[in-house]
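Start at 1 and go down the list; that is how both ligands and their atoms are numbered. Given the structure is predicted, the values throughout are model-derived calculations rather than measurements.
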Amino acid sequence: MRVHILLGAPGCGKGTAAKQLVQQFALIHLSTGDILRDAVSKGTEIGLRAKAIMAAGKLVDDDTVNGLVFARLQGETGNVLFDGYPRTLQQAEALGDFLSSQGIELGLVVDIEVPESVLEARVVGRRVCSNADCGAIYHLQSMPPKVEGVCDKCGSSLKHRADDTSEAFNSRMVEFNKTFQPMAGFYKAGTQYRNVDGNRKPDQVFESLIQIFKEHA
Ligand code: ADP
């Protein structure tokens, strides 16, 4: 078993790329954003705590997120793709310790790089399928659904995430700019680290990712 990691800013395309990669390479998709949103929608204790933090674009505390992730990894045997985790140096270190303790190998760490100037428009125009099992991602301008407000894949309604407003985006970028470099620095010296240009069409980004994962997945 191996875990791969996708890194990048809010709106860099991690979620879209992860959905494509897990299909292509039969990986298990582990998105901490999705896990937390599921907890919020089910009203669990963690969800109740996380709801306002997430809507404000702040980060949920490291211990809570690490705990959720490690619980999901226990008993897993297939190769995993993380999307949105780790996000802080503390999470990266805790994950490293957990993987060593379980004898799990760290696979690729791929950073999807997008200039900050294009991220806000991506996030504010993003619409996502309200059916959590589908979770397809659209964009009002660059990837609109065939019928407005309706998911092409499953027919469910599309929604605008509570944290995909300009205001929450700005706060997500503040968090990102504080935490990203120390966390990415943890991986940059390692042989697993790669970066791709995410300022291209999703299919082009996916092509680059396929090349990387073909050689190393
Ligand atoms: P994005 O990567 O586009 O910001 P996500 O769906 O990954 O969106 O995350 C949405 C929100 O969930 C984050 O703004 C944060 O509040 C919370 N979250 C997700 N992953 C983590 C994490 N690893 N650590 C702390 N908070 C997280």
Next on the checklist: Could you check whether Asp164 pairs with Arg172 (Lys NZ or Arg NE/NH1/NH2 to Asp/Glu carboxylate O, under 4.0 Å)?
Outcome noted: yes

Next on the checklist: Using the ring centroid of each side chain, check whether Tyr187 and Tyr193 are separated by less than 6.0 Å.
Outcome noted: no

Checklist entry - Is any side-chain heavy atom of Ile46 closer than 4.5 Å to a side-chain heavy atom of Leu36? => result yes

Checklist entry - Can we call the ring centroids of His4 and Phe213 under 6.0 Å apart? => result yes

When you check ligand 1 against the protein, what N or O pairs turn up below 3.5 Å? List the atom names and distances, or just say none.
unit_1: ligand 1; atom_1: 2 (O); unit_2: Lys14; atom_2: NZ; d: 3.0
unit_1: ligand 1; atom_1: 2 (O); unit_2: Arg87; atom_2: NH2; d: 2.9
unit_1: ligand 1; atom_1: 3 (O); unit_2: Arg126; atom_2: NH2; d: 3.4
unit_1: ligand 1; atom_1: 3 (O); unit_2: Arg172; atom_2: NH2; d: 2.8
unit_1: ligand 1; atom_1: 4 (O); unit_2: Arg87; atom_2: NH2; d: 2.9
unit_1: ligand 1; atom_1: 4 (O); unit_2: Arg172; atom_2: NE; d: 3.4
unit_1: ligand 1; atom_1: 4 (O); unit_2: Arg172; atom_2: NH2; d: 2.9
unit_1: ligand 1; atom_1: 6 (O); unit_2: Arg37; atom_2: NH1; d: 2.9
unit_1: ligand 1; atom_1: 6 (O); unit_2: Arg37; atom_2: NH2; d: 2.9
unit_1: ligand 1; atom_1: 6 (O); unit_2: Arg161; atom_2: NH1; d: 3.4
unit_1: ligand 1; atom_1: 6 (O); unit_2: Arg161; atom_2: NH2; d: 3.4
unit_1: ligand 1; atom_1: 7 (O); unit_2: Arg87; atom_2: NH1; d: 3.4
unit_1: ligand 1; atom_1: 7 (O); unit_2: Arg87; atom_2: NH2; d: 3.4
unit_1: ligand 1; atom_1: 8 (O); unit_2: Arg161; atom_2: NH2; d: 3.1
unit_1: ligand 1; atom_1: 16 (O); unit_2: Lys58; atom_2: O; d: 2.6
unit_1: ligand 1; atom_1: 20 (N); unit_2: Thr32; atom_2: OG1; d: 2.7
unit_1: ligand 1; atom_1: 20 (N); unit_2: Gly84; atom_2: O; d: 3.4
unit_1: ligand 1; atom_1: 20 (N); unit_2: Arg87; atom_2: NH1; d: 3.0
unit_1: ligand 1; atom_1: 23 (N); unit_2: Gly84; atom_2: O; d: 2.9
unit_1: ligand 1; atom_1: 23 (N); unit_2: Gln91; atom_2: OE1; d: 3.0
unit_1: ligand 1; atom_1: 24 (N); unit_2: Gln91; atom_2: NE2; d: 2.9
unit_1: ligand 1; atom_1: 26 (N); unit_2: Val60; atom_2: N; d: 3.1

Checklist entry - Would you call the rings of Phe98 and Phe70 parallel, tilted or perpendicular, where under 30° means parallel and over 60° means perpendicular? => result parallel

Next on the checklist: Within this structure, what is the CG-CG distance for the pair Asp34 and Asp83, rounded to the nearest 0.5 Å?
Outcome noted: 7.0 Å

